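Structure record follows, encoded as structure tokens.
Everything numeric here is computed off the predicted structure, so don't read it as measured data.
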Amino acid sequence: MQFRGGFIYNQPVRFGLAGTGGRMGRLASTTFHLELIKPSHYDDDGYVIQWWRAWIPSNSLSSVYGLALEAREQNILGADVALEIEACDETNCVIPVRRIIRRIQRSSGGGIVCLIGVQSNQFPRAMDLARRFRAAGIQVAIGGFHVSGCLAMLPEMPADLKEAVALGVTLYAGEAEEHFGEFLRAAYEKRLLPVYNYMKDLPDLGHQPIPFLPAHYVRRYYGHVACFDAGRGCPFTCSFCTIINEGRKSRYRDADDVERLIRANAAQGVGSYFITDDNFARNKNWEPIFDRMIALREKEHLKTNFIMQVDTLCHKIPNFVGKAARAGCKRVFIGLENINPDSLKTASKGQNRITEYRRMLQAWRNTGVITYCGYILGFPTDTPESIARDIGIIQRELPVDMLEFFILTPLPGSQDHKALYLQGAWMDPDMNKYDLEHVLTKHPLMDMATVQAVYDRAWHQYYTWEHIETLIKRAIATGINPARLGAMIFQFYAAYKYERVHPLQSGIWRRKLRTQRRSSLPLENPLIFYPRRLLEILRTYPGMLAFLWKLSRLRKRLKTDPATRAYMDTAISPVSDDEENSLDLYQATEAARKAVAKTHAREAIIRQARAAALRWIHDPAQPTA
């Protein structure tokens with residue numbers, strides 16, 4: 001149950017028959033408990049990263065829950081067995097381990113704990129939970145990109161997976177649309193296999209079950225955001241990415257599936273979504289899906305909005321950007337990754353063309369959609385000086401709104417990890433650090449401490465008050481909601497500066513429980529833990545509130561200044577034919593200049609081909625060469 005991140009299940013939810021709560025709506029002689037848990041991971045002090053409200057919803061959890069609802073309605077365990085479903089995303093929920101153990105032990109039919117969507121950095125936490133459940137005799141299964149990636153890419157099972165199997169944990173790799181029923185029956189009959197591997201069995205997604213979570217779970221995410229995947233797989237081969245294990249052949253849902261999902265969520269007051277496709281622009285059903293969402297918004301007045309991920313060439317697809325905005329896209333994540341063509345080539349990211357970056361970002365800006373881009377640090381040719389130079393170029397010349405930084409990480413399941421593994425190269429053995437924020441292997445030009453320091457400086461270099469003011473001015477001048485942009489600036493930079501976590505694993509008000517500490521570390525004395533935690537709160541939240549107050553004052557001042565609406569700079573100026581000779585984006589490095597020349601050569605070939613085709617249309621007897 002690969003869980004797109006974990007048990008990736010999606011069932012056609014026919015809500016209303018058995019309801020969407022935990023219990024079966026009919027009498028049964030036996031009850032089987034299905035406990036779905038999306039683990040978090042530990043901070044550097046060994047405490048679970050957890051929030052009162054988390055930012056990012058879990059599609060893995062939603063997908064499995066939808067599948068479980070369908071299994072219950074189909075009486076997959078028999079007419080006399082009630083399937084009781086509970087879900088918990090540990091990023092916004094304290095897992096009641098003892099209560100779960102009691103619930104399953106007292107049940108006539110037993111139960112299973114499924115640890116959903118377990119990424120590599122979450123595997124140590126998942127194992128700590130699994131040990132507690134297994135010690136009580138509870139069945140446990142773990143799925144996710146870590147299990148799936150290791151089994152797909154490595155020649156042998158790594159030590160941490162072997163430890164899980166020795167503990168009696170079932171490992172599940174691959175997608176589960178065609179296999180979940182049998183897995184659930186095996187769990188009920190207590191005949192689970194040690195390993196299920198369906199990595200080579202990738203199901204079609206058309207008319208498959210849809211991801212779903214009841215509203216009381218969705219409300220634990222800030223903004224009440226639900227999520228779904230409209231497709232899986234990616235045609236590209238980026239060496240640092242683990243999506244390659246979902247197959248290069250993309251698979252898709254259709255507009256009917258998406259409409260069914262939107263209506264089901266609208267019925268419980270949910271209208272905001274995170275579309276988790278790795279690249280929605282390559283979903284062949286993007287236009288029918290957008291057209292259906294537009295109809296629901298404009299004709300039936302359903303209030304929906306969403307955020308999605310796309311590539312840097314999406315603007316070249318006719319109507320894609322405009323229809324995305326009409327369908328309700330408010331924010332779009334773009335894998336910019338780097339502005340150095342040599343770095344992009346190293347990562348097999350040939351589809352990223354720096355000569356298209358400005359056109360692409362301006363296309364989104366012209367529709368009022370906020371852009372935020374991922375930027376990877378630590379490519380082989382990177383140095384502290386080159387990284388600082390490139391961030392400065394982005395600030396001056398690219399009309400991107402938000403920039404978030406990552407450290408190049410050999411994630412298990414990626415080609416980078418496989419290559420280093422086969423070479424016998426050193427990689428940090430602690431999976432908890434594989435969160436894209438830690439340096440895990442040696443760099444050819446910088447020592448590990450320098451790379452870590454460069455990562456820290458990058459956040460502070462981009463989010464200076466001077467550049468924050470520029471971002472807000474650009475937003476007001478080009479029709480983007482400055483309040484929405486200001487909220488994102490606060491979410492991103494305050495999370496890193498004050499909470500010291502990446503914004504994608506952040507939230508509102510950190511929960512830090514003394515008893516939720518990594519098993520390899522001792523529990524701290526309450527007389528030490530609680531005073532220090534109080535000090536942490538006093539050091540974090542007053543500064544964060546002061547930052548928010550200053551940001552709000554700046555936004556209001558700029559909004560009331562008439563001159564702001566006429567603001568113009570290089571980044572938001574229209575793309576011109578001669579800018580390639582003047583912008584540092586194209587001239588700062590030899591690789592950039594070669595990329596420009598390559599683009600010109602490609603365009604010349606296209607022009608020649610078109611001219612030859614036109615000549616042939618007018619005179620088929622004339623040679624086209």
Side-chain angles (χ1 to χ4, degrees), residues 10 12-16 19-20 53-59 61-63 65-66 69 89 92 210-231 253-277 280 283 285-310 319-333 364-372 401-402 475 478-488 490-491 507-508:
N10 301 294
V13 184
R14 303 184 187 94
F15 307 106
T20 57
R53 290 290 182 269
W55 293 122
I56 307 296
S58 169
N59 183 61
L61 190 63
S62 302
S63 298
Y65 197 96
L69 287 176
D89 184 339
N92 57 35
I210 56 173
F212 180 81
L213 278 179
H216 63 279
Y217 293 124
V218 176
R219 283 194 290 268
R220 294 175 182 171
Y221 300 104
Y222 180 76
H224 302 173
V225 181
C227 58
F228 66 92
D229 53 354
R253 303 186 193 280
D254 61 21
D256 291 340
D257 295 329
V258 174
E259 179 181 353
R260 185 155 44 96
L261 181 147
I262 289 174
R263 290 190 183 279
N265 277 289
Q268 58 175 3
V270 175
S272 296
Y273 300 94
F274 177 22
I275 301 177
T276 63
D277 296 41
F280 188 78
N283 186 317
N285 293 330
W286 72 263
E287 192 160 29
I289 290 173
F290 280 167
D291 287 342
R292 190 70 58 87
M293 296 176 77
I294 290 169
L296 292 173
R297 281 169 56 87
E298 297 181 357
K299 295 180 180 179
E300 299 192 30
H301 305 292
L302 285 182
K303 295 181 179 180
T304 60
N305 63 81
F306 63 91
I307 178 176
M308 65 176 177
Q309 305 175 83
V310 298
N319 302 318
F320 182 83
V321 173
K323 286 195 173 185
R326 286 182 62 196
C329 183
K330 301 300 182 185
R331 293 177 289 166
V332 62
F333 174 81
W364 286 109
R365 179 171 292 276
N366 292 339
T367 62
V369 175
I370 291 176
T371 55
Y372 66 106
D401 296 306
M402 308 299 300
T478 56
I480 288 176
N481 187 333
R484 197 182 330 135
L485 178 62
M488 286 196 65
F490 175 74
Q491 174 187 341
I508 299 176

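Note: I307 CD1 to I370 CD1 = 9.5 Å, rounded to the nearest 0.5 Å. The CD1 atom of I508 sits 8.5 Å away from the CD atom of Q491 when rounded to the nearest 0.5 Å. In this structure, the separation between NE2 on H224 and CD on Q268 is 11.0 Å, given to the nearest 0.5 Å.
Of all heavy-atom pairs spanning D291 and K323, the tightest one is OD1-NZ, 2.9 Å. Closest non-hydrogen pair, R292 versus D256, comes out as NH1-OD1, 2.9 Å. Across all non-hydrogen atoms, the minimal contact from A325 to T367 is CB-CB, 3.7 Å. For the residue pair C227 and Y273, the shortest heavy atom distance occurs at N-CD2, 4.5 Å. Among all heavy-atom pairs drawn from Y221 and V225, the shortest one is CD1-O, 3.9 Å. Considering all non-hydrogen atoms of both residues, D229 and P211 come closest at OD1-CG, 3.9 Å.
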Any chance you could lay out the side-chain contact (heavy atoms from CB on, under 4.5 Å) test for I262 and L302, step after step, and finish with the verdict?
CA-CA 9 Å; I262 289 174; L302 285 182; 4.2 Å; yes
From CA spacing to verdict: side-chain contact (heavy atoms from CB on, under 4.5 Å), W364, V310
CA-CA 11 Å; W364 286 109; V310 298; 4.2 Å; yes
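Checking T276, I210, V258 one by one against F228, the side-chain contact (heavy atoms from CB on, under 4.5 Å) holds for a single residue, V258. Screening R365, R331, R484, M488 against D401 for a side-chain contact (heavy atoms from CB on, under 4.5 Å) leaves a single residue, R365. Each of Y372, F306, F280 was checked for a ring-ring contact (aromatic ring centres under 6.0 Å, His included) with F333, and the lone residue meeting it is Y372.
Panel note: side chain R297, backbone R326; a donor-acceptor pair is recorded below 3.5 Å. Using modelled atom types, one side-chain atom of N283 and one backbone atom of A230 make a donor-acceptor pair closer than 3.5 Å. Within the 3.5 Å criterion, the main-chain N or O of G231 finds a donor-acceptor partner in the side chain of D277.
Counting only heavy atoms from C-beta outward, the side chains of L485 and M402 approach each other to under 4.5 Å. In this structure, R260 and R253 have side chains that are not in contact, with every pair of non-hydrogen atoms separated by 4.5 Å or more.
Counting non-hydrogen atoms of other residues, nucleotides and ligands closer than 6.0 Å to CZ of R53 gives a total above 12. Atom CZ of F490 has more than 12 neighbouring heavy atoms from other residues, nucleotides or ligands inside a 6.0 Å radius.
Relative orientation of the F320 and W286 rings is perpendicular, given thresholds of 30° and 60° on the angle between their planes. Relative ring orientation between Y65 and F212 is described as tilted, the plane-to-plane angle lying within the 30° to 60° band.
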